[in-house]
Student: 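Handing you a structure now.
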Protein chains: 2
Amino acid sequence: MYSLAEENYLKAIYHLESKSQGAVSTNAIADAMDTKPSSVTDMVQKLAEKEVLSYIKYKGTSLTKKGKKTAANVIRKHRLWEVFLVEKLNFHWDEVHDIAEQLEHVHSEELISRLDKFLGFPDFDPHGDPIPDKHGNVKPTEKKLLSELNKNQKGVCVGVKESNSDFLQYLDKKNITIGTKVSVLGKEFFDGSMVIQVGRDQFFISKKIAENLYIQTN
Amino acid sequence: MYSLAEENYLKAIYHLESKSQGAVSTNAIADAMDTKPSSVTDMVQKLAEKEVLSYIKYKGTSLTKKGKKTAANVIRKHRLWEVFLVEKLNFHWDEVHDIAEQLEHVHSEELISRLDKFLGFPDFDPHGDPIPDKHGNVKPTEKKLLSELNKNQKGVCVGVKESNSDFLQYLDKKNITIGTKVSVLGKEFFDGSMVIQVGRDQFFISKKIAENLYIQTN
DNA sequence: CTTTATTTTTAGCCTTGACTAAAAATAAAA
DNA sequence: TTTTATTTTTAGTCAAGGCTAAAAATAAAG
Ligand SMILES: [Mn+2]
Ligand SMILES: [Mn+2]
Ligand SMILES: [Mn+2]
Ligand SMILES: [Mn+2]
């Protein structure tokens, strides 16, 4: 059994590792966890002894198979609880993250497997992120950022990259949610901004918005 | 906001206080929490500074209004989660306590108020214990122990005193659950044992069983 | 190649919530 | 009312997880 702090480190390292290949640096972890590098070094050394990650002084860390599975399981719990909060308790998708951050640390295999069933074995959380199975495996999905599309391409919104409240509320205002069809009417190469069509509306979006929306084309 | 340890102390003291009038002794708390008296003294001094209980050296502690409300709120969360686990996830009533013990420490007013609504504002948990309202108030119910009934009296089972697995599984075996009608056919004054009728069955029960079943007569 | 800047680690300290052993109060017996 | 037993508190440690400041590696410039 891993402590709350250990689980959070594993989760953070898992996410960092998937966002950039190679070992994860101490500073990157400290940054992601809003803590100090010295604290990270301590914890990472402890986790290396527990064989959930391999750590080479001054070189960084990377999760072992065991560590990856543990991290994926925490993420699985986080995302299943987010589904519960949105689908069953009618929370809005921008309100669930902090609560799930607590619920993900409740230890009970049985609880999660029953929750999974209760929710109808969902594949994605409310932000479009895939829910790992109980072995820690994630189905790979082919999605790209809206910012990668060009003029006249279109697709369906299948997820958000950042999911902070401000961004999600912006999407609501524009009636964009998971499943929404989006077409690129124009793209400005100077600043990466776009004009897109959503339903009957067409409007301008900045590069920053386009870089945070996942689209599936085909 | 109170830490997990603080919440558990408050809860334990709340229960001890309701089971016996007057200040609660340090040893009683240590006993209930399966910890050492010296640890209790430490924590109780800390909680006294936070004004959730009043503590007089060598005399014991008792919760303040603030402490009672906080404790009742933790208990409210515990019991609502137990209802959720049984009613929605189909857990058995003897499996839910340890999970609820973790879930009760998730901090979110909104979560609990939505959960309450989702469950249909239940008044009792799966073991028949009353669920405090959000202000920490508990409706008083007039129930007595089965052991207090005499020959030819009858009533409805409305709760269990102890709720450990062995006891609950015994009740299942005898088809006794919340709502079951129970009649006392005979009572042995020497050892407090009884012969009772449940449905079509009539059988012998020990004093210990009778002392752990709450009955409502009328 | 040195020198400088950045990253990472170490050393030492802090808080929380435990524990043990010893001291002090209080309660019970004699 | 002494003496003894029990309860409670204090003093001193410890592990987990943080932090700061200083030292050591590594990387980047000059
Ligand atoms: Mn989240
Ligand atoms: Mn999510
Ligand atoms: Mn319980
Ligand atoms: Mn209960």
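Chain letters run A, B, ... following the sequence lines, proteins first and then strands; every chain starts at 1.
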Student: When you measure from every atom of DNA chain D, which of residues 14-28 of chain B have a heavy atom less than 4.0 Å away?
Tutor: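 Heavy-atom contacts with DNA chain D come from B:Ser25, B:Thr26, B:Asn27.
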Student: Measure NZ/A:Lys59 against C1'/D:dA25 and give the value in whole Å, please.
Tutor: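 Going from A:Lys59 (NZ) to D:dA25 (C1'), I get 10 Å.
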Student: Could you check how far CE of A:Met43 sits from C1' of D:dC19, rounded to whole Å?
Tutor: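 Whole-Å distance recorded here is 14 Å.
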Student: Looking just at side-chain N and O atoms, do A:Glu82 and A:His127 make a donor-acceptor pair shorter than 3.5 Å?
Tutor: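 Result is yes, a qualifying pair exists.
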Student: State, without any angle test, whether B:Asp125 and B:His78 hold a side-chain donor-acceptor pair at a distance under 3.5 Å.
Tutor: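 There is no such pair (donor and acceptor under 3.5 Å, judged by atom type) between the side chains of B:Asp125 and B:His78.
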Student: Take atom CD of B:Glu7 and atom C1' of C:dT16, then tell me their distance rounded to the nearest Å.
Tutor: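 Those two atoms, CD and C1', are 15 Å apart.
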Student: Tell me, please, which residues at least two apart from A:Asn90 pass side chain to side chain donor-acceptor pair (under 3.5 Å).
Tutor: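 Residues passing side chain to side chain donor-acceptor pair (under 3.5 Å) with A:Asn90: none at all.
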Student: On the six-membered ring of B:Tyr14, is B:Lys19 placed so that its NZ or CZ lies under 6.0 angstrom from the centre and within 45° of the ring axis?
Tutor: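 No; the conditions do not both hold, so B:Lys19 does not lie above the ring face of B:Tyr14.
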Student: Please list, pair by pair, any protein nitrogen or oxygen found under 3.5 Å from a nitrogen or oxygen in nucleotides 10-12 of chain C.
Tutor:
residue, atom, partner, partner atom, Å
C:dT10, OP1, A:Lys57, NZ, 2.7
C:dT10, OP2, A:Gln45, NE2, 2.8

Student: My understanding is that only residues two or more places apart in sequence, or in another chain, count here; which of them pass side chain to side chain donor-acceptor pair (under 3.5 Å) with A:Arg79?
Tutor: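 Once residues adjacent in sequence are excluded, A:Arg79 has no partner under the side chain to side chain donor-acceptor pair (under 3.5 Å) criterion.
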Student: Specify the separation, in whole Å, of atom OH of B:Tyr58 and atom C1' of D:dT7.
Tutor: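 One finds 9 Å between C1' of D:dT7 and OH of B:Tyr58, rounded.
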Student: Return the set of residues passing side chain to side chain donor-acceptor pair (under 3.5 Å) with A:His105 (not counting sequence neighbours), or none when no residue passes.
Tutor: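 Testing A:His105 for side chain to side chain donor-acceptor pair (under 3.5 Å), a comparison that skips the adjacent residues, returns A:Glu7, A:Asn8.
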Student: May I have the distance from A:Ile29 (atom CD1) to C:dT9 (atom C1'), rounded to whole angstrom?
Tutor: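 Atom CD1 in A:Ile29 sits about 14 Å away from atom C1' in C:dT9.
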Student: Is the shortest side-chain N to carboxylate O distance from B:Lys139 to B:Asp123 below 4.0 Å?
Tutor: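 Yes, B:Lys139 and B:Asp123 are salt-bridged.
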Student: Would you mind reading off the distance between A:Ile56 atom CD1 and C:dT7 atom C1', rounded to a whole angstrom?
Tutor: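 Going from CD1 in A:Ile56 over to C1' in C:dT7 covers 16 Å.
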Student: So which atom in B:Glu188 and which in B:Asp191 form the shortest heavy-atom distance, rounded to 0.1 Å?
Tutor: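 Heavy atoms of B:Glu188 and B:Asp191 come nearest at CB-OD1, 3.4 Å.
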Student: Rounded to whole Å, how long is the line connecting atom CG of B:Asn8 with atom P of C:dT16?
Tutor: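 My rounded result for the distance is 17 Å.
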Student: Quickly work out the A:Glu49 CD to D:dA15 C1' distance and round it to whole Å.
Tutor: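 So the CD-C1' distance, A:Glu49 to D:dA15, works out to 14 Å.
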Student: Going by side chain to side chain donor-acceptor pair (under 3.5 Å), name the residues that satisfy it together with B:Gln169, two or more places apart in sequence or in a different chain.
Tutor: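 Here the qualifying residues are B:Asp94.
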